Amino acid sequence: MKTITYREAVREAIREALKRDERVFLMGEDVGRYGGCFAVSKGLLDEFGPERIRDTPLSESAFVGAGIGAALGGMRPIVEIMTVNFSLLALDQIVNNAATLLHMSGGQFNVPLVIRMATGGGKQLAAQHSHSLEGWYAHIPGLKILTPATIEDARGMLWPALQDPDPVLIFENQTLYNMEGELSSETNVIEIDHACVRRQGTDVSIISYGAGLWKSLKAAEMLASAGISAEVIDLRTLRPLDDETCLGSIAKTHRALIVDDGWRSGGIAAEISARIMERAFYDLDVPVQRACGADVPMPYAKHLEQAALPQPEGIAEATKKMLSKNG
Amino acid sequence: MKTITYREAVREAIREALKRDERVFLMGEDVGRYGGCFAVSKGLLDEFGPERIRDTPLSESAFVGAGIGAALGGMRPIVEIMTVNFSLLALDQIVNNAATLLHMSGGQFNVPLVIRMATGGGKQLAAQHSHSLEGWYAHIPGLKILTPATIEDARGMLWPALQDPDPVLIFENQTLYNMEGELSSETNVIEIDHACVRRQGTDVSIISYGAGLWKSLKAAEMLASAGISAEVIDLRTLRPLDDETCLGSIAKTHRALIVDDGWRSGGIAAEISARIMERAFYDLDVPVQRACGADVPMPYAKHLEQAALPQPEGIAEATKKMLSKNG
Amino acid sequence: MSTSPAGQQEGSVGRDRGLHVLRQMLRIRRFEEKCVELYSATKIRGFLHLYIGEEAVAVGAIGCLEADDAVVATYREHGQALVRGVSPGAIMAEMYGKLEGCARGRGGSMHFFDAKTRLYGGNAIVGGGLPVAVGLALADKMQGRKRVTCCVFGDGAVAEGEFHESMNLAALWKLPVLFLCENNLYAMGTAIRFEHAVTELVKKADAYNVAAAAVDGMDVLAVEAATRKALDYVRSGAGPFFLECRTYRFRAHSMFDAELYRAKTEVEEWKARDPITSFSARLRAEGSLSDADLELIENEVAAEVTDAMNFAEAGTWEPIEDLTRFVYSEGKPV
Amino acid sequence: MSTSPAGQQEGSVGRDRGLHVLRQMLRIRRFEEKCVELYSATKIRGFLHLYIGEEAVAVGAIGCLEADDAVVATYREHGQALVRGVSPGAIMAEMYGKLEGCARGRGGSMHFFDAKTRLYGGNAIVGGGLPVAVGLALADKMQGRKRVTCCVFGDGAVAEGEFHESMNLAALWKLPVLFLCENNLYAMGTAIRFEHAVTELVKKADAYNVAAAAVDGMDVLAVEAATRKALDYVRSGAGPFFLECRTYRFRAHSMFDAELYRAKTEVEEWKARDPITSFSARLRAEGSLSDADLELIENEVAAEVTDAMNFAEAGTWEPIEDLTRFVYSEGKPV
Ligand SMILES: Cc1ncc(C[n+]2csc(CCOP(=O)(O)OP(=O)(O)O)c2C)c(N)n1
Ligand SMILES: Cc1ncc(C[n+]2csc(CCOP(=O)(O)OP(=O)(O)O)c2C)c(N)n1
Ligand SMILES: [Mg+2]
Ligand SMILES: [Mg+2]
């Protein structure tokens, strides 16, 4: 066991991948000489050189598309889009090429591409730099969407993503980079296709992911001291969703609250709620609730930004309401 | 009363807007000399000239952004993106500028822009040309999303959209352009902020929009002959959603099925289901169901494409299942 | 053909080479004429973009590629696919939407794919193929392979941001890409003067220090010669090359086009420069083509088209249960 | 200032004009030095991009604009906003996140907006402002107004597809846009040779037939003269103009930048060309600036900065209930 940051965990994962597979390379804006916008790739240029740690011009559509082409050409690119906010410029490549080529070619051309991007609000970066669109991306068939919330997942999800024959998007919440945690020294194999129960509970299932996991765990603490036992689920992967873990938990708790930093309307929380409706309606004691980001472009002012994002207090409050209602 | 096509209705609406307000102009690829990809704007160039019927180069991001700037500069642009499939290239402008400028500027700069685009599958245009992303766009705060399904709405929704101080996206389902229908000669004022019950019923509420409305009405016919009375709702506007009309209907029918051509996972149908869960849980006799597009890039082959989209038969089947289950 | 001495290109064409080139152009022309029939017969659906009039470009350029080079094309790719060597039957079956199609009927006319000949589509987003081509070339360069990726696109695509970003990236990294621009003077109904502030597209390359040339796209030998030069340059490792082929679309943009935007006379003027007619004339003039030769070729080409159609007719429909196959690769957890 | 005889530009600067220009540059410099303090004091948060070293560009170029012209800037827009005449207090309050800020505290350092002076942001998506500027100019042209839209962007933005599309559109439609490129040789940590195959950005304009010039961005008078010429051209209706100002960023890209990508010596060399120092020297040399003058200006500028800070400190927090205001315009059904 050693203590490292989420940032270092991602860096170690990239470094390991570069060592294990010579087809792997990292490409994106300022990943090399600058050391990465969030210092994730700091030092990798010296270690692996400019061919494999490739600084790109500001051309999101071209270098994401180039990642698709390089994947088709036998490489295993890790394309870094600095933040999800800029990925909109590459969306055509992601949706119309990466996600569709396998199907459109009748199974001939798969795209073993990994795209990493920072996501999320909470840093006072205002409306154009605070999007949480990972749930939105989960609408696209052909993509897989990973949202590592823990040090272990930050360290462990990249390799299986690279082993995947299809495009995988990894969303790293920018508020987590400085988070410290324990990591067992030996690399243990990580599955990317199921959710994890991060805290056991019996009264309510709090379903979350990414930064929301930590807010949910904080809320669970508060609830515990109020005598409420909350189970906290970390989805880990937003596409495909692991319904079984959620439904299994709800079968036990009969209540579910979904936590998502993304805008409430039409977000991934709605999809989860709809699935519970369809598959666990008769298990529910009370309607499923959502604690999501407010439907507003993110304001710069801290107090407004915090109010726009779900917070532990609000999550706990919403949960208490669910338990006060019958049950 | 006169009989016209949906295409002609849109054209009349554009023509009327151009006549009523000199600030209005139409801009997009092939809207002029070609006559419009779907012949919607045919003849308008001769009538209004190249200044107001403006052919653009293939530069979606630039001409959509130019529409935003022109709106800021006092014009009332109608920007036509040939189809929703190409709008991904302009998404940064739509999400990071059109939808955010008012908020980001603290209320100083609103963007009175209308963007029209054709949407939907069913024409054997395959994976890159068959997207139904209107529900996906409805996730973005700051935008209003209109989906005219009827001749009357095709004719009537443009003007209120142009009167709106904020960006409005109008999605015209390409399978509807040839649809014929009656239209009262005098222009009657149309509200764009509420849904409409297109068929009264008592047993189940079928919630739909766009092309889905007509499939739902067909299904309702089938159900009627099976002794089931289905109420069919046309959402008309996907953002903001008119919850009251849906909830009012469900209070009566206690059952809801949502029909959406878009991909099922993370689509607008999920949002509607989640809202019903939150606000009408105790009114429901059976869980809300969804009849949506399959989670697959659209295949070219007709039989596969039809199988990938919700069909009247499937909608009727799903409804019957809901009624056989208790109730 | 790619073995014929370069010297011949200037003077006489030579009979073998001449007949081969003529046959290739006719293969496209007749195949597409059949496609039109089959579209009216509703055997082919969706969008159908014809290459008729532009055959000299595909035959001259794609014909110069090596077997292991790659091609990234557009929705107007019938010609490239045929010249590249994709089975005509598989192409026709694709347009029928049959399982035996070169994309299992999932792609249709706009999306031909063929792993064997390294045809990476058939991309129907204008400009969408350029970044992908850059990436294929990047993979080759990083893996030390001498292959070239030929990226085909139209004059309209040059206005897209992808063109700018892709040219810069390919130049910056000296990637082996042949940017093959089919300038047919129109983007759908928009004439080039309404698309571009600078209509001499070859000049665009200067903004990226990309070597470039413009060539008469109605002259198959000129296209071939220019492509050879371009390919030598690219294979030498000097970086990408931008080749503008000036050509013309004889038919409508697609099957839904009233052609309101151009004068019949303009079309007629260009038809007078039909690449097939002019090349046949040249062959006849030098005595490399006789009526009998032409008849033989036409018959063989007609047979190929008929076989392709029969193959498509005999094809099967993919079972509906397979709808969601290939959303993700098989044998892997989704 | 815009009234001073053009003749003076070559020879002596002249005292009034000289002191005005110097003051403008100092207003930016001192204001931003205070911003750094306030950032460390956590009064200002989020991203903070300093303009220090580049003052000659904003002062020289923005200073030439007429009152009813428009400005579209980037996240590095403190200088443009101050020169444009946005209230320093409102700017500082914006960075504090206060209701009295020029965007009610919703925008922060990257998003200054001011309807009065027609400042349309503060756009934090690189290249994102260019299409908007084209549209503002289109609106002016369609409404027969002689106004100019000045679009400010960096060398990095030139690599984005938006640059290509916007330049072409503006040229095609002869729109009154001044494309003002602040080439500070770096896009974050990426040196221009890694960004562009052609590093002489002024050459990019040829691809669109856009009139262009490059100027020493460290020489405020040269920038001013070049901008005047450019504006005359644009106002004449001849179309857009691309002005490349070669400058340098003395500070880190933002507050999170270890500056691993450039040598201290390079920074020092450029600092030796500090636009404020060199311009002061020139004024002293011609006798237009005395120690007393400088002290007076510094004092006045310091007072302005202090007032701005006090205004921001005294500002109020927007009530949380107002969070969802301005998602849609008010008094309208949402
Ligand atoms: C991004 C995008 N915008 C618009 C379209 C619709 N469209 C299809 S082909 C075409 C014209 C393209 O012209 P060009 O690049 O010259 O190719 P050509 O058809 O002339 O061969 C247009 C506008 C599209 N497919 N993709
Ligand atoms: C589309 C987009 N990609 C990436 C970023 C992150 N980013 C912010 S500033 C910057 C560098 C821009 O360089 P340049 O255009 O030269 O402007 P400068 O900062 O040098 O003034 C980058 C990469 C962004 N804001 N937008
Ligand atoms: Mg063309
Ligand atoms: Mg720069």
Side-chain angles (χ1 to χ4, degrees), chain A residues 22-23 25 27 51-52 54-77 79 89-90 92-93 95-113 141-144 160 163-167 191-194 239-240, chain C residues 70 72 94 99 101-108 110-116 120-125 127-143 145 147 149 160-162 164-170 172-173 175 318 324-334:
Chain A
E22 62 181 7
R23 298 170 306 170
F25 68 102
M27 162 166 71
E51 279 286 302
R52 299 186 70 194
R54 207 168 259 276
D55 281 324
T56 66
L58 277 129
S59 304
E60 284 77 7
S61 193
F63 71 73
V64 168
I68 294 167
L72 289 169
M75 301 298 286
R76 290 292 178 274
V79 171
L89 290 163
D92 172 66
Q93 288 298 322
V95 172
N96 282 322
N97 284 340
T100 61
L101 277 167
L102 177 68
H103 187 264
M104 220 162 41
S105 67
Q108 286 178 89
F109 295 115
N110 63 299
V111 181
L113 168 69
L143 301 181
K144 295 180 187 174
Q163 297 304 102
D164 197 286
D166 302 313
E191 289 293 334
I192 57 175
D193 57 355
H194 63 71
R239 186 177 188 105
Chain C
V72 177
E94 186 56 37
L99 178 57
C102 57
R104 295 179 72 99
R106 280 179 154 78
M110 300 196 290
H111 302 298
F112 296 160
F113 289 86
D114 185 48
K116 212 166 61 292
Y120 291 93
N123 195 306
I125 302 297
L130 279 78
V132 175
V134 169
L136 283 161
L138 174 62
D140 285 334
K141 180 160 188 175
M142 290 183 81
Q143 291 168 96
R145 289 185 299 239
R147 312 192 299 198
T149 297
E160 293 280 6
E162 274 65 22
H164 176 70
E165 297 185 2
S166 300
M167 289 282 281
N168 184 50
L169 207 57
L172 199 59
W173 294 348
L175 301 179
E318 185 161 24
T324 55
R325 285 185 66 186
F326 312 119
V327 177
Y328 298 98
S329 295
E330 304 191 337
K332 289 281 306 179
V334 171

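Residue numbering restarts at 1 for every chain, and letters A, B, ... go by the order of the sequence lines. Since the structure is predicted, the reported quantities are computational estimates derived from the model, not experimental observations.
In terms of heavy-atom pairs under 4.5 Å with chain C, the best-connected choice from A/Ser61, A/Gly107, A/Ala62, A/Gly73 is A/Ala62. Of the listed residues C/Gln143, C/Glu318, C/Arg104, the one with more heavy-atom pairs under 4.5 angstrom with chain A than any other is C/Gln143. Contact count versus chain A (heavy atoms, under 4.5 Å) is highest, among C/Leu99, C/Leu138, C/Leu172, for C/Leu138.
Neither the backbone nor the side chain of A/Ile192 has a heavy atom closer than 4.5 Å to any heavy atom of chain C. Only the side chain of C/Asn123 comes within less than 4.5 Å of a heavy atom of chain A; its backbone N, CA, C and O stay farther away. Proximity to chain C (any heavy atom under 4.5 Å) is restricted, for A/Gln93, to the side chain, taken from C-beta onward. With a threshold of 4.5 angstrom between heavy atoms, A/Glu22 does not approach chain C through any atom at all. Using a 4.5 Å cut-off between heavy atoms, C/Leu175 makes no contact with chain A at all. For A/Arg54, the part lying under 4.5 angstrom from a heavy atom of chain C is the side chain only. In this structure, the portions of A/Phe63 lying under 4.5 Å from any heavy atom of chain C include both its backbone and its side chain.
Without hydrogens or angle criteria, C/Glu94 side chain to C/Cys102 main chain gives a donor-acceptor distance under 3.5 Å. Between the side chain of C/Glu165 and the main chain of C/Gly161, no donor-acceptor pair closer than 3.5 Å is present.
Taking every heavy atom of both residues into account, A/Ala70 and A/Phe25 meet most closely at CB-CZ, 4.0 Å. The two residues A/Glu60 and A/Ala90 have their closest heavy-atom pair at O-CB, 3.6 Å.
Residues forming a salt bridge (charged side-chain N to carboxylate O under 4.0 Å, His left out) with C/Asp140 (at least two apart in sequence, or on another chain): C/Arg145, C/Arg147.
Within the 4.5 Å cutoff, the side chain of A/Ser59 has no heavy atoms near those of the C/His164 side chain.
Among residues at least two apart or in separate chains, side-chain hydrogen bond (donor to acceptor under 3.5 Å, both in side chains) pairs with a member in residues 99-109 of chain A are A/His103-C/Arg106.
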